[in-house]
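Worksheet: one structure, shown below.
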Amino acid sequence: MIKSFAYVRPTSVDDALEMLGADGARVHAGGTDLMGCLRDGVFEAERVVSLRDVPGMRGVRASTQGVTIGALTPLAEIARHSVIGEQYTALARAASVVGTPQLRSQGTLGGNICQRPRCPYFRAGFDCRRKGGRICYAVGGDNHGHAIFGGVRCHMVHPSDTAAALTALDATVVAVGRAGERRIPIGDFFVAPSVDPTRETVLEHGEMVKEIVLPPAADDQRSSYHKEGHRRTWDFALAGAATALRMTGGNVAEARVVFSGVAPVPWRSMAAEEALQGNTLTPEVIGRACDAAVEGAAPMRHNAYKVGLLKGVLEKEMLRYV
Ligand SMILES: Cc1cc2nc3c(=O)[nH]c(=O)nc-3n(C[C@H](O)[C@H](O)[C@H](O)COP(=O)(O)OP(=O)(O)OC[C@H]3O[C@@H](n4cnc5c(N)ncnc54)[C@H](O)[C@@H]3O)c2cc1C
């Protein structure tokens, strides 16, 4: 049963920040993750602050400076937006494979990147590392869905599809708090468990994501996202890849490769990027990039399959560019 809480709907950013400053206050965007967390006792709230009536936090604005997406923009709107679909395809594809149509029309981009981990131990009330405990139960337990990279202290995988795409597209998160606004490069937004296993983002209590900014897309840039899960719908990534490539004359001038479903944060593979950069996408080059991508993987007892799966996902992605 959900412990009772106050529910408030501020009508300005200033009011929202005032309300979020209170102890036990939580942001409510679409509520598709938040309400499950409250119902299952993952955490409690004294006050739930809905952002629904705060003006200016929803919608996509495109200009010569790039694209700005309000944190409250529903994923379905992002998935079907023409500029995002053409110039930032990875994000449109990632938004279009989140959960189900209902989740995509209710769930927002801000909520997607701030959602809490799906690790069954974390969700089921174990006093795990992420809850401040001393044990990651995945190490000795069922770890088929867990990390093969970056699993230091906590082995959860980051659940967001769009986080990988936004990282490949070099987005900036604009956060706002009572101390003002700050622009956080997406690569600095997520917190690895080696730094602090009890938090997923650098947001401080009382801060919220206001918008996400994508830099102007180069004329020769293309991008993509693909994930594999247990099912084709209503499922999180077991392994996914967001890629952004600049191609000149058949050669890869610049590459970004970021994985979902395999690490506690969106996992950028510099090794795969290096294997691609300056080369034509021949089967040999793609094969070398796939091998490089899994260098350093540290699978556990039940998730070694993710090594091969990830290579397959990246190969499939690369073939889209050929
Ligand atoms: C059955 C099911 C399947 C799912 N499948 C997927 C999937 O395949 N891929 C995937 O990526 N996700 C999936 N999700 C997770 C989630 O529902 C979506 O990611 C959704 O986008 C979350 O957005 P929301 O607006 O509903 O967030 P909320 O539930 O409102 O919020 C989520 C969390 O983020 C915080 N938050 C929300 N907005 C902000 C903000 N602007 N600033 C600061 N903090 C904020 C909230 O306090 C809360 O802790 C699934 C969820 C369910 C229940």
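Starting from 1, each residue takes its place in the sequence as its number. Read the numbers this way: they start at 1 and go in the same order the structure lists the ligands and their atoms. What you see is a predicted model, and the numbers here were worked out from it, not measured in a lab.
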Evaluate whether atom [atom1] of [X] has more than 12 neighbouring non-hydrogen atoms of other residues, nucleotides or ligands under 6.0 angstrom away.
X: Arg320; atom1: CZ; value: yes
X: Arg231; atom1: CZ; value: yes
X: Glu44; atom1: CD; value: no

For ligand 1, is there an N or O atom under 3.5 Å from any N or O atom of [X]?
X: Ser160; answer: no
X: Pro159; answer: yes
X: Met35; answer: no
X: Thr162; answer: no
X: Asp161; answer: yes
X: Gly30; answer: yes
X: Asp33; answer: yes
X: Val27; answer: yes
X: Leu34; answer: yes
X: Lys227; answer: yes

Option set Val176, Val42, Thr201, Asn112, criterion heavy-atom distance to atom 19 (O) of ligand 1, minimum:
Asn112
Option of least heavy-atom distance to atom 7 (C) of ligand 1 (set: Gly99, Ala237, Ala94, Gly111)
Gly99
List the closest protein heavy-atom neighbour of [atom]: residue, atom name, distance to the nearest 0.1 Å.
atom: atom 26 (O) of ligand 1; value: Thr32 OG1, 2.6 Å
atom: atom 40 (C) of ligand 1; value: Val209 N, 3.7 Å
atom: atom 50 (C) of ligand 1; value: Phe236 CZ, 3.2 Å

Less than 4.0 Å is my threshold; does some heavy atom of [X] fall inside it relative to ligand 1?
X: Arg104; answer: no
X: Lys210; answer: no
X: Gly31; answer: yes

Does the side chain of [X] reach to within under 4.5 Å of the side chain of [Y], using non-hydrogen atoms?
X: Ile78; Y: His81; result: no
X: Asn112; Y: Leu75; result: yes
X: His302; Y: His146; result: no
X: Val213; Y: Val174; result: yes
X: Val176; Y: Met208; result: yes

Using heavy atoms and a threshold below 4.0 Å, how should the contact between [X] and ligand 1 be classified: side chain, backbone, both, or neither?
X: Leu109; answer: neither
X: Leu203; answer: side chain
X: Cys114; answer: both
X: Arg118; answer: side chain

Mind running side chain to side chain donor-acceptor pair (under 3.5 Å) on Asp14 and Ser12 for me, showing each step along the way?
CA-CA 5 Å; Asp14 284 348; Ser12 71; 5.5 Å; no
Hits for ring-ring contact (aromatic ring centres under 6.0 Å, His included) against Tyr121, two or more places apart or cross-chain, chain-then-number order -> Phe126
Set out, in order, the CA-CA distance, both residues' side-chain angles and the distance that settles salt bridge (Lys or Arg N to Asp or Glu O under 4.0 Å) for Glu207 and Arg182, then state yes or no.
CA-CA 10 Å; Glu207 259 188 325; Arg182 55 182 182 133; 2.7 Å; yes
Could you label the plane-to-plane angle of the Phe259 and Phe149 rings as parallel, tilted or perpendicular, counting under 30° as parallel and over 60° as perpendicular?
parallel
